[in-house]
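Here, residue 1 is the first one in the sequence, and each next residue gets the next number.
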Amino acid sequence: MTWVLATILLPLAGAAVVAGMKKNDRLATLTALVVSLLTFLLVIPMWASYVPSGDRIQQKSSMDWIPNFGIHISFGIDGIALVMIAVIGLLVPIVVGALGLTDKLPAGRSAGGFLSLILVQEALTIAVFAATDVFLFYVLFEIMLIPMYFLIGGYGGANRQYAAVKFFLYSFLGGLIMLASAIGAYSMASDELGKGTFDWETLVTVVRDAPLGTQIWLFIGFFLAFAIKAPLVPFHTWLPDAAGQAPIGVAVLLVGVLDKVGTFGFLRYCLPMFPEASKELAPWVLVLAVAGVLYGSILAAGQRDMKRFIAYVSIAHFGFIALGIFTFNEQAMVGSVSYMLNHSLATGMLIVVVGLIVMRGGSTRISDYGGMAKVTPLLGGMLLIAGLSTLSLPGTNSFISEFLVLLGSFVDYPVYTIIATVGMVLAAAYVLWLYQRVMQGPVRGDALIGAGGGPGTAIAPELGATKAIKDLGGREIAILAPMVVLIIALGFYPKPVLDTITPSVQATMSSVQGGK
């Protein structure tokens with residue numbers, strides 16, 4: 001059994017165990033935490049055994065599924081998949097450990113049910129990144145919507161059903177369009193080889209030589225599915241609703257991990273399989289990318305709800321990622337892949353910190369807060385760190401990613417790059433505006449500051465708040481500490497990540513440049 005298979009099967013087995021613990025929330029939480037930590041530990045030997053200069057796809061495993069149609073259950077990883085699996089392994093223990101601190105389960109709902117869905121979501125998401133059979137990828141792409149649908153629809157906010165259905169329908173429809181293109185690629189392989197196959201490596205060699213018109217149609221099917229998942233403007237409208245209604249822990253996985261399946265799909269499927277179509281349609285994609293940077297930034301600045309604020313910030317960041325991918329510049333593409341990782345860390349931390357704020361203040365509205373740093377200075381510091389990483393301050397993890405994207409894309413697309421830099425300026429404005437409104441200025445309402453900066457009462461008088469507000473405790477610090485360490489460490493020393501992803505990016509670039 002490969003390390004990849006182990007990271008898929010362990011959380012699935014853990015989910016089955018945790019699901020049966022409906023009457024003991026504490027035991028269910030502890031079991032889920034142990035399982036998620038063990039899954040993360042499995043990533044360490046997976047990373048250690050990965051050889052960046054070796055084969056493009058490593059740690060392969062395969063077994064027949066539907067042999068008459070050339071369908072296999074096949075897994076393997078490249079450097080891009082590896083870093084995304086690693087960030088999933090990191091974020092899930094944080095989500096499990098934060099249960100009760102950032103979210104309260106609805107009445108009558110058990111922790112066992114919630115956490116079993118989280119573990120199933122982890123397993124399916126890892127499997128999506130590791131799948132090397134295109135049909136298997138499609139099946140996992142659709143199946144992973146199911147636990148997320150129930151997590152949002154069963155445990156979310158007041159409009160959770162609407163948000164869950166919208167999320168599901170958008171992604172499901174995109175998947176069906178992708179399936180049509182996958183079947184088209186299968187038919188081409190059948191004509192070329194005498195038998196059909198969904199093996200990714202084989203399809204890359206077959207479909208890449210198809211006529212441009214055929215490539216364009218097949219490219220569009222895959223692209224639409226991934227653009228919805230990413231989400232690129234104008235396919236983004238499901239994200240603010242889903243992120244706004246999802247529980248905090250679920251939002252961490254939704255915005256921090258699941259969205260990356262879209263940008264990963266661009267790199268794994270769109271570019272290598274349809275190189276000529278990718279280059280032909282790149283200018284149109286770049287327009288969407290730059291539009292997303294500006295649109296997301298402007299709407300983030302106008303948001304009144306903190307969770308929707310994060311959703312629009314992410315839309316802007318995904319514009320940067322798409323910009324780096326479709327400029328076909330190695331430096332920019334490396335920046336995009338590292339941005340996928342660093343966005344997960346920065347946004348994941350920001351969402352968790354917002355959850356801690358909301359649990360104290362009882363509201364997601366920005367206007368219900370003010371001067372909170374005087375009452376909770378440690379929490380204020382954590383929001384500042386997450387915010388600075390989000391705006392890509394030099395010395396934080398996101399800076400090198402954004403810098404590489406802009407540096408590489410400027411070579412061939414200076415106009416798009418210059419326009420995108422406006423998003424950097426807007427990012428500084430909206431992030432600092434959020435921090436200033438929530439943490440600085442006079443303490444709002446009836447909040448009283450205790451002697452020596454001690455705990456006060458809750459922030460929003462509109463909520464009738466009277467409970468004492470406390471600063472971060474030991475468990476909360478332990479949850480946030482890994483992300484703080486990585487944000488700073490990768491800001492000053494990103495070499496291990498860049499060395500891992502660069503050969504995979506070079507292989508992708510080689511596939512594109514070697515097209516007809």
| Quick one: CD1 on Ile85 to CG on Leu90, what's the gap to the nearest 0.5 Å? | 14.0 Å
| request: Taking atom types as modelled, find out whether Tyr50 and Gln59 have a side-chain donor-acceptor pair closer than 3.5 angstrom. | output: no
| remark: Separation between CD1 (Ile94) and CG (Leu345), nearest 0.5 Å, reads 8.0 Å
| said: Using every non-hydrogen atom in the two residues, find where Met372 and Tyr369 come nearest and quote the distance to one decimal. | reply: SD-CD2, 3.9 Å
| request: Would you sort out whether Leu271 and Ile325 count as a side chain to side chain contact (heavy atoms under 4.5 Å, CB included), showing the intermediate values? | output: CA-CA 9 Å; Leu271 270 60; Ile325 292 172; 4.0 Å; yes
| note | When rounded to the nearest 0.5 Å, the distance separating CG of Leu286 from CG of Leu281 is 11.0 Å
| note | Between Ser297 and Ala316 the two heavy atoms that sit nearest each other are OG-CB, 3.6 Å
| Ala346 and Asn397: which non-hydrogen atoms are nearest, and at how many Å? | N-ND2, 4.4 Å
| task | Hey, could you give me the CG/CD distance between Leu434 and Gln440, rounded to the nearest 0.5 Å? | result | 11.5 Å
| What class does the angle between the rings of Tyr269 and Phe222 fall in, given that below 30° is parallel, 30 to 60° is tilted and above 60° is perpendicular? | parallel
| request: Decide if atom CZ of Arg475 counts as having more than 12 heavy atoms of other residues, nucleotides or ligands within a radius under 6.0 Å. | output: yes
| query | Parallel, tilted or perpendicular for Phe219 and Phe223, by the 30°/60° rule? | reply | parallel
| said: I need the minimum non-hydrogen distance between Gln303 and Arg308, along with the two atoms involved. | reply: OE1-CB, 3.5 Å
| task | Locate the shortest heavy-atom distance separating Leu124 from Pro147; write the atom from each residue and the value. | result | CD1-CG, 4.0 Å
| field | Name of the residue among Leu82, Leu341, Asn342 meeting side-chain contact (heavy atoms from CB on, under 4.5 Å) with Val87 | value | Leu341
| task | Any chance you could measure Glu330, atom CD, to Thr508, atom OG1, to the nearest 0.5 Å? | result | 10.0 Å
| field | Pair Val293-Phe320, side chain to side chain contact (heavy atoms under 4.5 Å, CB included): steps then yes or no | value | CA-CA 7 Å; Val293 172; Phe320 275 108; 3.8 Å; yes
| field | Stepwise ring pair (Phe, Tyr, Trp, His ring centres under 6.0 Å) test for Tyr295 and His236 | value | CA-CA 11 Å; Tyr295 174 86; His236 68 285; 4.9 Å; yes
| said: Any salt bridge linking Glu201 with Lys60? Criterion: basic side-chain nitrogen under 4.0 Å from a carboxylate oxygen. | reply: yes
| Would one find more than 12 heavy atoms of other residues, nucleotides or ligands at under 6.0 Å from atom CZ of Phe403? | no
| query | What do the steps show when you test Phe114 against Leu99 for side chain to side chain contact (heavy atoms under 4.5 Å, CB included), and what is the final call? | reply | CA-CA 10 Å; Phe114 178 82; Leu99 183 62; 3.9 Å; yes
| field | More than 12 heavy atoms of other groups within 6.0 Å of Phe264 CZ | value | yes
| Lys307 (side chain) donor-acceptor with Ala246 (main chain) under 3.5 angstrom | yes
| query | Is a donor on one side and an acceptor on the other found under 3.5 Å between the side chain of Trp200 and the backbone of Arg268? | reply | yes
| field | Candidate pair Phe266 and Phe326, rule ring pair (Phe, Tyr, Trp, His ring centres under 6.0 Å), full reasoning | value | CA-CA 9 Å; Phe266 293 151; Phe326 282 92; 5.4 Å; yes
| said: Assess the residue pair Ser510 and Arg56 against the criterion (side-chain hydrogen bond (donor to acceptor under 3.5 Å, both in side chains)); give the C-alpha distance rounded to whole Å, side-chain angles, the decisive distance to 0.1 Å, and a yes or no. | reply: CA-CA 12 Å; Ser510 178; Arg56 184 172 186 177; over 6 Å; no
| About how many Å separate CE of Met306 and CD1 of Ile248, when rounded to the nearest 0.5 Å? | 8.5 Å
| query | Using a distance-only test with no angle check, is there a side-chain donor-acceptor pair under 3.5 angstrom linking Ser398 and Ser392? | reply | no
| message | Please give me the minimum heavy-atom distance between Thr132 and Gly76, naming the atom from each residue. | response | CG2-N, 3.7 Å
| task | Would you please test Thr237 and Tyr170 for side chain to side chain contact (heavy atoms under 4.5 Å, CB included) and show each step? | result | CA-CA 9 Å; Thr237 58; Tyr170 267 64; 2.7 Å; yes
